[in-house]
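Below: the structure, in structure tokens.
In the text below, chain A, chain B and the rest are named by the order of the sequence lines, each starting its count at 1.
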There are 2 protein chains.
Amino acid sequence: MTVWDRPEPPTRPVPLDRERIVAAAVALADEGGLESVSLRKVAARLNAGPMRLYGFIATKEELFDLMVDEVQAEILPEEQPGDWREALSVLAHRTRQTALRHEWLADLLGGRPTLGPNGLAVTEATLAALDGLADIDTVMRAVETVSAYFTGAIRREVANLRAERATGLSERDWQRAHGPHVTRMLATGRFPSLSKAVHDGTDTDPETSFATGLDWILDAVATRLNRPPA
Amino acid sequence: MTVWDRPEPPTRPVPLDRERIVAAAVALADEGGLESVSLRKVAARLNAGPMRLYGFIATKEELFDLMVDEVQAEILPEEQPGDWREALSVLAHRTRQTALRHEWLADLLGGRPTLGPNGLAVTEATLAALDGLADIDTVMRAVETVSAYFTGAIRREVANLRAERATGLSERDWQRAHGPHVTRMLATGRFPSLSKAVHDGTDTDPETSFATGLDWILDAVATRLNRPPA
DNA sequence: TCTCATGGCGATACAGCGTATTGTTCCGCT
DNA sequence: AGCGGAACAATACGCTGTATCGCCATGAGA
């Protein structure tokens, strides 16, 4: 019985690990959004049956948690910059960029506490930026305020982006884009300030808008630091 | 053939309308969260088949939009208060309270543009509070910043609330509550600032935390107003 | 070297989902 | 009186997350 007679041993299935699973899930989400991530499709990408995944995750939500943690690795900058303000600003902007690269992240951002290694690292980096510049409680308030801001801002930005994509491609022209409905509503005269804003407002690009709001908030933070611990 | 002989006409089904549909959906969501809102269950509450709903909505997402707009009615205060700062503050706090009454709102907040009548009314009220106090673009930046903040803050608050509920009921004790995982991670020494924060930080109640961050931001807004139009 | 237990894995199954399609039934108009 | 059309119900399809079960390859022990 030579080698040639013996059949190859039945190919043991490619071993799986969380890394590969999460990578597949992220790829799917990048291509078709969160809702096109199904355990079946993820498994299929790895030539496995759906049930195989349950050795590594207990629930679909857990997979989402892993996905979030995975892309949070992209948030941390290579090197921490010098002053607290730049550090926070960089973290915020990198979070935004990550969310624009993985739009589904916007759906998950802030939805659950991020306790994974990368999530903790991001939190650590944020806290570290302000470490020693004020009492702990002030620091925490600052961190929470800043991150609440960019969570919300990113979410809205992505939401608007999708809405624009859905109605056609007009970036300008709220009115014509969002269909006659808004136009009609504004015409009722019940929303004078809104009408004025829509009519006269300059169309600021999202990035500057994001940066401006962030700057305001960092200003506010600045005034609470440095102030001696009373 | 008297009335008594004639059988009652076959009970025509109770007429449906969006209001009743949305009310049923909101009730369902209040009881069991967003994920327990299914078209079948909503319809069942109204003694109807699932397909009946499609006369009033085209898609489940539309139902969600209607639900959001419905509860946004709870945000508008009875009377607009005097100064811009209080107006914005009240709107933010009322949004928060609404989200605490309807936790599922946190899942939807900021997820899609709110173009319904109540949504527009809320936007109008927000813009109106600042109307005339600065050039339009500054006003818009302010509105967006403030609402990005409270969107994010509310989301996180609800997320934490759920996490606490899930792990048991300990409000304090991050560590023991979130299980050994966080404890172990902190013990690695890779997150010094975070450890310090968890260890030494006072446990601020969510409402004050929310209010404080909001105040900071309103301070920041204040410094951009009043400043004469250059 | 043979045997048996073990544990990973695939298949199957189930209940539920959103929605398309297809009947059916009744109302109001001509 | 009869008919057109709309409102409504039933059925069906493809998909979902997950529980369960039975198999079979592998490694340990005799």
Side-chain angles (χ1 to χ4, degrees), chain A residues 1 3 6-22 24-29 31-68 104 107-108 111-112 162 166, chain B residues 1 3 6-22 24-29 31-68 104 107-108 111-112 162 166:
Chain A
M1 173 83 91
V3 219
R6 255 182 291 129
E8 292 224 35
T11 57
R12 289 266 77 197
V14 182
L16 239 46
D17 53 10
R18 288 194 183 169
E19 202 174 344
R20 283 167 44 77
I21 294 177
V22 173
V26 167
L28 271 164
E31 292 163 19
L34 252 205
E35 77 221 22
S36 70
V37 175
S38 85
L39 297 187
R40 289 170 149 88
K41 286 194 274 210
V42 171
R45 289 227 167 180
L46 306 163
N47 297 97
M51 287 304 113
R52 247 288 311 269
L53 303 183
Y54 281 86
F56 303 86
I57 56 171
T59 205
K60 195 188 183 182
E61 285 241 293
E62 286 192 2
L63 176 58
F64 284 164
D65 289 345
L66 290 176
M67 291 171 63
V68 170
W104 50 269
D107 300 319
L108 265 19
R112 306 174 112 237
R162 285 178 179 149
Chain B
M1 172 84 91
V3 220
R6 256 181 290 129
E8 291 225 36
T11 56
R12 288 266 77 198
V14 182
L16 239 46
D17 52 10
R18 287 195 182 168
E19 201 175 345
R20 282 167 46 78
I21 293 177
V22 172
V26 167
L28 234 34
E31 292 163 19
L34 251 205
E35 76 221 21
S36 70
V37 176
S38 85
L39 296 188
R40 288 169 148 89
K41 286 197 276 213
V42 171
R45 289 228 168 182
L46 305 164
N47 298 97
M51 285 306 113
R52 266 259 323 274
L53 303 184
Y54 281 86
F56 304 86
I57 55 172
T59 206
K60 194 187 184 181
E61 286 240 294
E62 286 192 1
L63 175 58
F64 284 164
D65 289 344
L66 291 177
M67 290 171 63
V68 170
W104 50 269
D107 301 320
L108 266 18
R112 308 176 111 237
R162 285 177 179 150

At less than 4.0 Å, is any side-chain N or O atom of [X] found next to OP1 or OP2 of [N]? Yes or no.
X      : N       : value
T59(A) : dG17(D) : no
Y54(A) : dA19(D) : no
S38(A) : dC15(D) : no

Integer-rounded Å distance: [N] [atom2] and [X] [atom1]:
X      : N       : atom1 : atom2 : answer
M51(B) : dG18(C) : CE    : P     : 9 Å
R52(A) : dC24(D) : CZ    : P     : 17 Å
F64(B) : dG18(C) : CZ    : C1'   : 11 Å
L46(A) : dC9(C)  : CG    : P     : 12 Å
I57(B) : dG18(C) : CD1   : P     : 9 Å
L34(A) : dG17(D) : CG    : P     : 12 Å
L53(B) : dC8(D)  : CG    : C1'   : 12 Å
E35(B) : dT18(D) : CD    : C1'   : 14 Å

*Closest contact, heavy atoms only, K41(B) versus S36(B)*: CE-O, 3.1 Å
*Which atoms form the tightest heavy-atom contact between R18(B) and F56(B), and what is the distance?*
NE-O, 3.2 Å
*Taking NZ, NE, NH1 and NH2 as the nitrogens, is one of them in E31(A) or R45(A) under 4.0 Å from a carboxylate oxygen of the other?*
yes
*Hey, which of L63(B), L39(B), L66(B), V26(B) is the one that makes side chain to side chain contact (heavy atoms under 4.5 Å, CB included) with I21(B)?*
L63(B)
*Nearest-nucleotide pick for K60(B), side chain only, options being dT16(D), dT11(D), dC17(C)*: dC17(C)
*Which nucleotide in dT18(D), dC8(D), dT19(C) has an atom nearest any side-chain atom of P50(A)*: dT18(D)
*Is V37(A) touching bases, backbone alone, or none of the nucleic acid, heavy atoms closer than 4.0 Å?*
sugar-phosphate
_With a 3.5 Å cut-off and heavy atoms only, can you find an N or O donor on one side and an acceptor on the other between the side chain of R40(B) and the base of dG18(C)?_
yes
*Any side-chain heavy-atom pair of R112(B) and F64(B) under 4.5 Å*: no
